[in-house]
Amino acid sequence: MHFHTPLQGYLRGHIARAMEYDFKAIEAKWRARWTADATYTAEERDDKTKYYVLDMFPYPSGAGLHVGHPLGYIASDVIARYKRQCGFNVLHPQGYDSFGLPAEQYAIQTGQHPAVTTERNISRYRQQLDLLGFSYDWSREVRTSDPEYYRWTQWIFGRLFEHGYNRFSDKAEPISALILHFENQGNAGQDWAVGEDTLAEAGHRHLGPDFIGEFTAEDWNGLDAQGKSDVLMAYRLAYLADSEVNWCPALGTVLANDEVIGGLSERGGHPVVRKKMRQWMMRITAYADRLLESLEDIDWSDSIKEVQRNWIGRSTGAQLWFSVERHEGQTIEVFSTRPDTLHGASFLVLAPEHPLVSEITTAGQRDAVEAYQTETASRSERERMAGDRGATGCFTGAHAKHPLSGKPMPIWIADYVLAGYGTGAVMAVPAGDQRDWEFAKAFGLDIPAIFEGHNTDEGALTDKDAVLCNSGDWNGMPCHAALPLSIDGLSKSGLATPKVNHRLRDAVFSRQRYWGEPFPICYVDNVPQLIEGHAILLPEVDAYLPTETGEPPLARAENWNVNHGDRMEYNTMPGWAGSSWYFLRYMDPHNPDAFCDRAKSDHWGQVDLYIGGAEHGTGHLLYSRFWTKFLFDLDLIGFEEPFAKMVNQGMILGRSSFVYRQEGSNTFVSFEERKAHRTQRLHVDISLVKNDMLDLDGFRAWRPEFADAEFILNENGEYRCGSEVEKMSKSKFNVENPDDLVERYGADTLRCYEMFLGPLEQAKPWDTQGISGVHGFLRKLNRLYRNADGETLIHDGEPSAEAERALHKAIKKVTEDLERLSWNTVVSALMIGVNELTEAKAHERSVLQPLAALVAPYAPHIAEELWEMCGGNGSVVDAEWPQWNPEKLVESEVNYPVQFNGKVRFQLSTPADASPKDVEAAVMSDDRTAQQLQGRTPKKVIVVPGRIINIVG
RNA sequence: GCCCGGAUGGUGGAAUUGGUAGACACGACGGACUUAAAAUCCGUUGGCCCGAACGGGCCGUGCGGGUUCAAGUCCCGCUCCGGGUACCA
């Protein structure tokens, strides 16, 4: 074929390029083949070691995927493919966390059933995911909103409802065992995790006002169904309790703390009040210590482990009692991590909500106290925390007696003491605690000195090496030594008891929403009954809003009373219910008889590698650990940590572009000229900008208000935009969508490029400028196998030593880097390999066939094509991972950099087999050494074999 | 405030156990091809200095010290940036 005209020349270039690396045809071909052959179906098998790689499953939002989403998926897919080629039996599933708020809000606005929009979003996600060539076994897909899935979420809830936590055996046990115990001995002689408040309330209601936490077998047997149910709620792992929530009457729902801003709802700006509501709760606190301890056994990042440790917030210390003067028998219970500083305690501070406050407040202080309480109640917990931190508080007029000195201690209330932590009361030691010190200063309270050499006017001393004084028996001791003695001594004299406290609180498990799992609960005579044996399907409702009377949306359902009790539970479960166990369902996704067959979970075991964002540190990752431990306790699975190793990918940031509008005009100034004018910076859609230069016509067409825009251009006659790296977001017009890039460069290029951007864990800017380099690499790879006309170059000759060395060097580097999960450096190792092989004109099958296997995890489509061209057996997906041969790597000479006093002066080439002695002799006899030394005698000659020579002196 | 990260060319980043800092890319600049442009290919590209050139020198991994034959890497003291987060008793 001959081309003569310019147009024909252009066409020739175009066609040649298309033939050269026709990624569209290649990718379409292999996508179809993989689907037809069910290439990625995983089965249990005993001849191979299993490897379970998992992504955090996505919530299918209406916006579709942007380039940030696939980052983690590509990384896990690379490992899944690598492990498969290494001979592992890989489980690599994907699914959807498909219950959630956005679909519900959309439903409220449009009336469309959330199931419909969810289904639509899922198919969009699936389309986008399929384009990227992931090796997911889609036959195992799970969706949390599928009744076949959520019936097992409901079933696990049922098990949590039916179990409590026995501290003697340190595991969950059936509540029926506890009932048996109650029938025989009441609640004495057992140590099950208990909600003290819930128990006290139930006791007072059913056993009389004198109830102090203990009941006999007789008491128990005398209780009616309601009474028994109420008492058991204090022990169940899933239980009903009154808990304080942010309630928004206008929206008819509970809001999370971060949905409340300044006492108003984030959406709509309606007033929010703090209100006690009956809610389903999860007794995760029973597992606090186990959740803390087994962090040691898992390979997660230090930062995320630290987040979990802080969240659990274990602190050890003692519980102390202070008797209240003029209130016979009334004591205030206090938790302190520093009972060694007891001698320095000069006043008590209670949370404003502390139940004793109204009782002990004196008549003279009552008005002031109540005013302070009202003020506190009107502020959300978040505001209390975010306040200006100036000390506020109010004296109750009452005094407590110091347990050692007997001195009176004024009792104050202040909002820096939280009702929900510890006992809601603290003993203030102003000399040893900065907040107490500030409080004492602000209100002129006593600051007893208890540390040697401490000036109490300058602030608190929190150093544990400080030496105590004015502290009786502990005088002269450093605090760290006095602390255990104080706990021991105070306990022996009955003034205190050792105590471990956790910051972790039980989790609220109810939502007043529609699009979530219904509870398998109905009420009979107000007693909750578990419904077993089948799914409780989400009923149809006429609107996705609360009822007129403020009941959750499910109360609108007609004829839904499937169990013929008085009524169903109208709350639904929170988003984290389904995501707490989904990794188990993948192992046995279609089982109609169990959440997951024990043999299957034994076979696949823990997730070996879990990849996802770090933003779930205290939510999903804590709850799924909790549920896994619970299921382990019930012997339903054989491991108690779900995710053996986890990597958290960093956020991908967008590169935004800006135009500069002259104030009050429709004239836009190029970046270089912007300072000469008064300008306003505006985001401009990045699709209108190429290499920072604005497409002027495109800009005018972008929005009507810019149709008659004028431009002040730079000296090249172009309009240069400004840029900034920030979070990827629709409103910043900097969203990059993977579909466009797949269209332009192909999935293999996108996969390689996302990995090439930098270390996976790191937040990094998305900048497509570099993508052409990666695309060029794949073209170059392709050119090793065939010429510009698409004809094969592969032959069966003997490869040169350089070619073999390049190949084996690449195999070694790629293998080692994949083993240490260094995804980005693998790409550059492959580039180097391809560059060197191109240089060496290597077209031998014995080089190119392993090369195809080597690139397959990153660029599976082109790898399949090239593997096929080489005549490889079957799919490259199962191509054995190439091994490097150290002999092929050996160079005949070693080049030593020669340093003089640490500065490199020249290179010395020596035979590879030279001993350090030979090398030293060679370097010392070198002319250049003599020249550097200028007659001096070196003090020392250091030869690091294979690395470097340093001559000192 | 506390906790966890991080800081390396114009840019993204590499340097795995202390052993040639800047791999691999992008961008930029110069050149080839082309009527031209695009594409492609080749070359240069941390800064400063000496030299006509071959070549050579000095400085350089946020800042200030230190350890070492040798420090981006280890130690001490800071600065700045990112993320998380508790008035947690």
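Only this structure's heavy atoms are used, side chains among them; waters, hydrogens and symmetry mates stay out. Below, chains carry the letters A, B, ... as their sequence lines are ordered, and counting in each starts from 1.
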Problem - Those residues of residues 304-312 of chain A lying under 4.0 Å from RNA chain B by at least one heavy atom - result: A:Glu306, A:Val307
Practice task
Can you check whether any acceptor in the base of B:rU20 is under 3.5 Å from a donor in the side chain of A:Gln899, or vice versa?
Solution key: no
Please produce a list of atom pairs where a protein N or O lies less than 3.5 Å from an N or O of nucleotides 31-34 of chain B.
none

For residues 428-435 of chain A, please give each side-chain donor-acceptor pair under 3.5 Å, one per line with the distance, not counting sequence neighbours.
unit_1   : atom_1 : unit_2   : atom_2 : d
A:Asp433 : OD1    : A:Arg435 : N      : 2.9
A:Asp433 : OD1    : A:Asp436 : N      : 3.0
A:Gln434 : OE1    : A:Ala460 : N      : 3.2
A:Gln434 : NE2    : A:Glu438 : OE2    : 3.3

Handout entry: Length of the line joining A:Leu830:CG and B:rA23:P, which is rounded to integer Å
Key = 18 Å
Exercise for the section: Take the protein atom CZ of A:Phe900 and the nucleotide atom P of B:rA70, then report the distance between them rounded to whole Å. Expected result: 15 Å
Exercise for the section: Check whether any side-chain heavy atom of A:Leu830 sits under 4.5 Å from a side-chain heavy atom of A:Val814, and report yes or no. Expected result: yes
Give me, pair by pair, the N or O atoms of the protein and of nucleotides 49-51 of chain B that are less than 3.5 Å apart, along with how far apart they are.
none

Fill in the blank from the handout: Side-chain contact check for A:Asp302: nearest option of B:rC88, B:rC24, B:rG5 is B:rG5
Under 3.5 Å, which protein N or O atoms sit close to an N or O of nucleotides 10-15 of chain B? Give each pair with its distance.
unit_1 : atom_1 : unit_2   : atom_2 : d
B:rG12 : O2'    : A:Leu757 : O      : 2.6
B:rG13 : OP1    : A:Gln762 : NE2    : 2.6
B:rG13 : O3'    : A:Asn824 : ND2    : 3.4
B:rA14 : OP1    : A:Asn824 : ND2    : 2.8
B:rA15 : OP1    : A:Arg820 : NH2    : 3.2

Completion exercise
Assert: residue with more 5' nearest nucleotide on RNA chain B, out of A:Gly422 and A:Ile832, is A:Ile832
Problem - Which nucleotide in B:rC26, B:rA89, B:rU20 has an atom nearest any side-chain atom of A:Gln907 - result: B:rU20
Practice task
Rounded to whole angstrom, note down the C1' distance from B:rG10 over to B:rU17.
Solution key: 34 Å
Fill in the blank from the handout: Side-chain contact check for A:Arg779: nearest option of B:rU20, B:rU40, B:rC4 is B:rU40
Exercise for the section: Under 4.0 Å between any heavy atoms, over every strand shown, what does A:Arg435 touch: base, sugar-phosphate, or nothing? Just pick one. Expected result: base
Practice task
Any pair with a residue in residues 336-348 of chain A that passes salt bridge (charged side-chain N to carboxylate O under 4.0 Å, His left out), sequence neighbours left out, goes on the list, sorted by first then second residue, please.
Solution key: A:Arg338-A:Asp340
